[in-house]
Each structure stands twice: as structure tokens, then as C-alpha cells.
Amino acid sequence: MRQKFYWQDKPEGCNEAVWRYEANPILKMNHSPKIARLFNSATLVTDDKIVGIFRGDMPDCTPALFYGESKDGINWDIDDSGIKIFEKDGTPFIYEYAYDPRLTKIDDDYYIIFCADVVGPSLYIVRTKDFKYYEKLANGFLPYNRNGVLFPRKFDDKYLFLSRPSDTGHTPCGDIYISESRDLEYWGNHKLLMTAPYKKSYWQRLKIGAGPIPIETDDCWILIYHGVNSTCNGLVYSMGVALLDKDDPSKVLARGRRYLMTPETDYECMGFVPNVVFPCSALCDDEGHITIYYGSADTTLSIAFTTVNELKKFARENND
Ligand code: BMA
């Protein structure tokens, strides 16, 4: 079925596998008096709308999570009161800040995975049925960890999860691990999936982290991820792609040595943290159209377009 979300054809003369929306960024600074910057955010298509969990930095610079809805994926109605999360016993989940959400649906439940600081940055999984009441599951992962991504279905009786163990600060290294669980609370059988550095591939030589929820295709999973390079002017965050085995995603079939996208435009190169493209979600329809949502320079939210075939071709052709 054709997409319900906004998607643009590849511009004539474009030789890239991913092309930016011409009117980026879609969400700009000071969206509301309560949200100064909206960037690394997660979206998902439901039956009648597109929903989003947004990372918004408040005017005191605290990162927090906000819920929003859209008809087209570009124009968003965002509730700036912020989502409130509860422990299973009904008491509030207390954290200092929360950021970089991912969003997926399994059966009738939506799951938000994000990093929050309770005793240092750690990953949490929250379940909601209606985007009104948010219940946190038991803490599945030890601190410190970031970039939690839950596969959108079970593999036999197991859920699969990607994460990037880290440290308390601007982690100087980081690899992607895959873990499994039968109940979304007890996680184990952790395996190393992908490392940084990788071959002669400088854009991803410092650290990497899973991006959007992986996209299932007829013969593999597409994993869009971010990779970081360290320069004398600070860190540069780019976007890349790998293909994982359809039945056993702990096997990497192909991984692009080139980046898919690196900061090039003003809104990616200038902002609170310059030189950052940070993907947290990708909408995909039955015809293979893909719209990637990515944070630009930790300041605004942007989108870029591609297709299932473009990403597979890119990963396979650059897998050297
Ligand atoms: C990472 C995360 C992201 C951020 C990126 C660039 O460590 O904190 O939220 O976009 O750094 O600042």
C-alpha cells in the first residue's frame, strides 16, 4: 500500500541513496514556550494517524520526552506538557532527563525505548496502549547504555534488542550489541553485532549506535545507524546502513563502508551541537518508500527519503 506519510521522489540528477526534504527542517527552534529544541525523535504509522515521541530540550536545557500526532508526518501537533511515566506499582518514575526515544508496536502495545539518567545514562522500556498512560517495565539493562532499539516482532518466543554499552559522558568508544528476552524484562545472551572502528571507514571509527527500529524486508532487516568520527573540531555524527539476516539478526549480511549521509547543510552543520545527523526512526510502506527522521545539529528535526531497494543496493555495493 502507498505510504500515508510524506515522501518525495528522488530529485533528477541525485546520485545518492538518500535525499533530503527540500523544506527541512520540519520542526524548528522554540516550537512552543516550553520546548526550545526538538530533534532526535521517533515516529510510527498507526491506523488513522502518525504518532511521535519527541526529544525536546526545555528552555532550561533539560532533555525530556513529548507526545505528538500528525496526519502527514510533517505537520505535528505536539503536547508540550511532556509525557509522565509510571512504575508498575503506579508511583512516578523519577529521572533527571530523558532523550533519544525509539518507538515500536508489538501486538497491541506500543513500546518507547529511551535513555534516561537515574544513576547515569541507562536504557528504559516503557509500554503504552493509548499514549495517555505510560508504564515502565523492570530495568532490563545495567547502566551505562544508550541507543536502545527493539525489533518490531518476536523471533519464535524471543524479543531482540540492540544497544550500545557506554560510559557516563561523551563515550569515547562504542559497539552495537544484540540481546534477547522472553518477557522484555530479563535480557541475556548478549552478542557483539557490529564494532567501531570498521575497515577503512573513518566516519564510524570512534563509536556507532543503532538508529531507527530495523525495517523488515523480504530477505533481510535493514538497520540504519549512526557512526561517529572524532576531529580536531569535535565529534561528527553521520548515518550508515547495514543488512541483518532475516531469521537471525545477530548475523550481519552487509555493511556500508561509506556513510549514507553526513552533515552537509547549514541546519546539520550549525546549531547547539554542530555536525550531527542522528536518525531515530524510519517510516516504511508496503511499496518500500522510506522517510527517515533525524535530529539535525541537536537543534531541529529533519527528514530524508529513500527506498528499501536503494538501501539494500547501497549496503551491498559498499560492503567492501
Ligand atoms: C549523543 C546523544 C545524542 C546527541 C549526540 C550529539 O551522545 O546524546 O542525543 O544527538 O550525542 O550531540
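Just the heavy atoms: all of them, side chains too, but no hydrogens, waters or symmetry mates, feed the values below. Order of appearance sets the numbers: ligands from 1, and atoms from 1 within every ligand.
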Is there at least one pair of N or O atoms, one from Asp100 and one from ligand 1, spaced under 3.5 Å apart?
yes

Contact check: Lys207 vs ligand 1, nitrogen or oxygen atoms, below 3.5 angstrom:
no

Ligand 1 versus Asn40: contacting region, heavy-atom distance under 4.0 Å
side chain

Between Trp76 and Phe5, is the ring centre distance below 6.0 Å?
no

Got the closest protein heavy atom to atom 10 (O) of ligand 1, with its distance?
Asp298 OD1, 2.6 Å

Taking the ring of Phe131 and the ring of Tyr110, is the distance between their centroids below 6.0 Å?
yes

Before we go on, tell me: are the rings of Phe278 and His226 under 6.0 Å apart, centre to centre?
yes

Considering only non-hydrogen protein atoms, determine which one is nearest to atom 8 (O) of ligand 1 and report residue, atom name and distance to 0.1 Å.
Tyr99 CE1, 3.8 Å

Answer with side chain, backbone, both or neither: which part of Arg55 has a heavy atom less than 4.0 angstrom from an atom of ligand 1?
side chain

Could you check whether Phe86 and Tyr133 have their ring centres less than 6.0 Å apart?
yes

Would you check if there is a donor-acceptor pair between the side chains of Tyr95 and Asp117 at a distance under 3.5 Å?
no

Hey, are Arg146 and Thr171 close enough side-chain-wise for a donor-acceptor pair under 3.5 Å?
yes

Name the closest protein heavy atom to atom 1 (C) of ligand 1, giving the residue it belongs to and the distance to 0.1 Å.
Tyr237 OH, 3.4 Å

